[in-house]
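The structure under discussion appears below in the form of C-alpha cells.
We count ligands from 1, going down the list as the structure has it; atoms in each ligand are counted the same way.
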Amino acid sequence: MRITVLTGAGISAESGLATFRASDGLWERHRIKDVATPEAFARDPELVHRFYNARRSKVAAARPNAAHLALARLARHHDLTLVKQNVDDLHDRAGSPEVIHMHGSIGGALCAACGHRWPAPAVMAVNDPCPRCAARVSRPDIVWFGEMPYHMERIWAALDQADLFAAIGTSGNVYPAAGFVQHAARRGAECIEMNLEASLNARDFDRQILGPATGTVPQWVE
Ligand code: BV8
C-alpha cells in the first residue's frame, strides 16, 4: 500500500515547538508579514534573522517525540512518502529515511544572490558571506509566504499514487499543502486526518482521529 503523509506544526508541539496558530496569529510574538515573507527580509533582514535564530536554538534543544518515531517505523514496512510543512528537523532526527521538506529547513542557509545552499550556523546574520560568491545576502533556506514551496512535482506525484493520505497536526490554513487532501481524494485515496481538533478542511477527509499526536500516531501506525 502506498501512503503519503503530510505533517504540520502540530506534530512537533509535544516536542515543545510553538505551532503557528496557537498564539492567535502571532508567531513567537511576530506577525507573518514582519518575519516570514521576502518583503520582510528586504525591509528588515536582521529582525528576520533574530526570529529564525531564536527558533533554530529551540529546534536544537527539542527532541523527536513518539509521533515522529512512529512515522520512522512506518517507513520501514510501507512505501511511505513523508511531506513536512515544518522547518524543524525532528522527522530526520527520528530516523525517517526520506523526508520532503516542502517549506525548507531552519538548518539550511541560502544565498539570496546566487542560490548557493550550505548548513546554517546556529546564529545567522544577513552579512554572513556566501561561501561560493561571497555576496552578503544570506537568508534561512526557508519558503516564505508568497514563495513557491520546494519539491512540488515529487509531492503531486506521490499524491497521485497514494492509496492512503494522512494529514497530521495541520490546521489546513496554508496552501498549497491544505489542498493536498482534495488532490489525493480525487484520485481515490482514503484520507485520514489526525489532529487535536477538526481542521479547516476536515470535511475533505474520510475520517478523523482526534487527540494529541503522540497518542494517535503510534496507535495508528501499530
Ligand atoms: C505559494 C515556513 C505561490 C516559514 C511556511 C491559495 C492557493 C495558493 C496559495 C495561497 C492561497 N491562498 C493564500 C495563499 C498564499 C499562502 C497561504 O496559504 N497563506 C495563508 C496564510 C492563507 N501560501 C503561500 O504563500 C505558499 N506559496 O502559494 O506560492 C507561488 C506560485 C508561483 C510562484 C511563486 C509563488 C507558501 C506557504 C509557505 C509559507 N511558509 N513555513 C516558517 O516556518 O518560518 S508555512 C507555516 O504554516 C509553517 O510551515 C506551518 O507548518 C505551516 C502550516 O501551518 P500548520 O502546520 O497547519 O500549523 P498551525 O499552527 O496552523 O496548525 C497546527 C495544527 O496542529 C492545529 O490544527 C492544532 O490543532 C494541531 N495541534 C496542535 N498540537 C497538537 C496538534 N495536533 C496533534 N497533536 C498535538 N499535540
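Using a 4.0 Å cut-off between heavy atoms, Glu14 contacts ligand 1 through its side chain alone, with no backbone atom that close. In Ala36, neither the side chain nor the backbone holds a heavy atom less than 4.0 Å from any atom of ligand 1. Both the backbone and the side chain of Thr170 come within contact range of ligand 1, each with a heavy atom under 4.0 Å. The part of Val87 lying near ligand 1 is the side chain, judged by heavy-atom distances below 4.0 Å.
Residue Gly179 places no heavy atom under 4.0 Å from ligand 1. Taking 4.0 Å as the cut-off, Pro212 counts as a neighbour of ligand 1 on heavy-atom distance. Heavy atoms of Arg55 come nearer than 4.0 angstrom to ligand 1 in at least one pair. By the 4.0 Å heavy-atom criterion, Gly146 is counted among the residues contacting ligand 1.
Both Leu90 and Ile142 sit in one connected hydrophobic cluster of ILVMFWY residues. Membership requires side-chain heavy atoms under 4.5 Å apart, directly or through other members. In the hydrophobic cluster analysis, where Ile, Leu, Val, Met, Phe, Trp and Tyr join through side-chain heavy atoms closer than 4.5 angstrom, Leu200 is grouped apart from Val174.
When only interatomic distances are considered, the shortest N/O to N/O separation between Val143 and ligand 1 falls below 3.5 Å. For a threshold of 3.5 Å applied to N or O pairs, the pair formed by Ala213 and ligand 1 contains at least one separation below that value. Taking only nitrogen or oxygen atoms, main chain and side chain alike, Pro149 does not reach within less than 3.5 Å of ligand 1. For ligand 1, the polar-atom distance check finds an N/O of Ala9 within less than 3.5 Å of one of the ligand's N/O atoms. In terms of N/O distances under 3.5 Å, ligand 1 is approached by Gly169.
Looking at Gln85, Lys84, Glu147, Met102 and measuring to atom 29 (O) of ligand 1, the nearest heavy atom belongs to Glu147. Summarising the contacts of atom 21 (C) of ligand 1 with Trp144, Phe145, Phe51, Tyr175, the nearest heavy atom is found in Phe145. Among Leu196, Leu6, Leu17, Val48, the residue whose heavy atom lies nearest to atom 76 (N) of ligand 1 is Leu196.
Atoms of ligand 1 lying under 4.0 Å from any heavy atom of Glu197, numbered from 1 in the order shown and given with element: 67 (O), 68 (C), 69 (O). Close approach of ligand 1 to Ile142 (heavy-atom distance below 4.0 Å) involves ligand atoms 2 (C), 4 (C). Shown in contact with Tyr52 at under 4.0 Å from a heavy atom are these atoms of ligand 1, numbered in order with element: 4 (C), 42 (C), 44 (O). Remark: ligand 1 atoms within the under-4.0 Å shell around heavy atoms of Gly8 are 56 (O). Near Ala13, meaning under 4.0 Å from one of its heavy atoms, ligand 1 places the atoms 73 (N). Residue-ligand proximity, Asn173 to ligand 1, at heavy-atom distances under 4.0 Å covers atoms 18 (O), 20 (C), 22 (C).
In Glu147, the CD atom is crowded: over 12 heavy atoms of neighbouring residues, nucleotides or ligands sit closer than 6.0 Å. Heavy atoms of other residues, nucleotides or ligands lying less than 6.0 angstrom from CD of Glu98 number 12 at most.
In summary, of the residues considered (Thr7, Leu6, Ile11, Val143), a side chain to side chain contact (heavy atoms under 4.5 Å, CB included) with Gln85 occurs for Leu6 alone.
Side-chain contact annotation: Asp141 with His101, donor-acceptor N/O pair under 3.5 Å absent. The closest side-chain donor-acceptor pair between Asn65 and Thr214, if any, does not fall under 3.5 angstrom.
Rounding to the nearest 0.5 angstrom, the gap separating the CZ atom in Phe51 from the CZ atom in Arg56 is 11.0 Å. Separating the CZ atom in Arg93 from the CG atom in Leu69 is a distance of 11.0 Å, to the nearest 0.5 Å.
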Stepwise, does the side chain to side chain contact (heavy atoms under 4.5 Å, CB included) test hold for Phe165 with Asp206? CA-CA 10 Å; Phe165 172 72; Asp206 299 301; over 6 Å; no
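Between Tyr52 and Trp144, the ring-plane angle classifies as tilted under the 30° and 60° cut-offs. Ring orientation note: the planes of Trp156 and His183 are tilted relative to one another, at an angle of 30° to 60°.
For Arg2 and Asp79, the salt-bridge test fails: no basic side-chain N is under 4.0 Å from an acidic carboxylate O.
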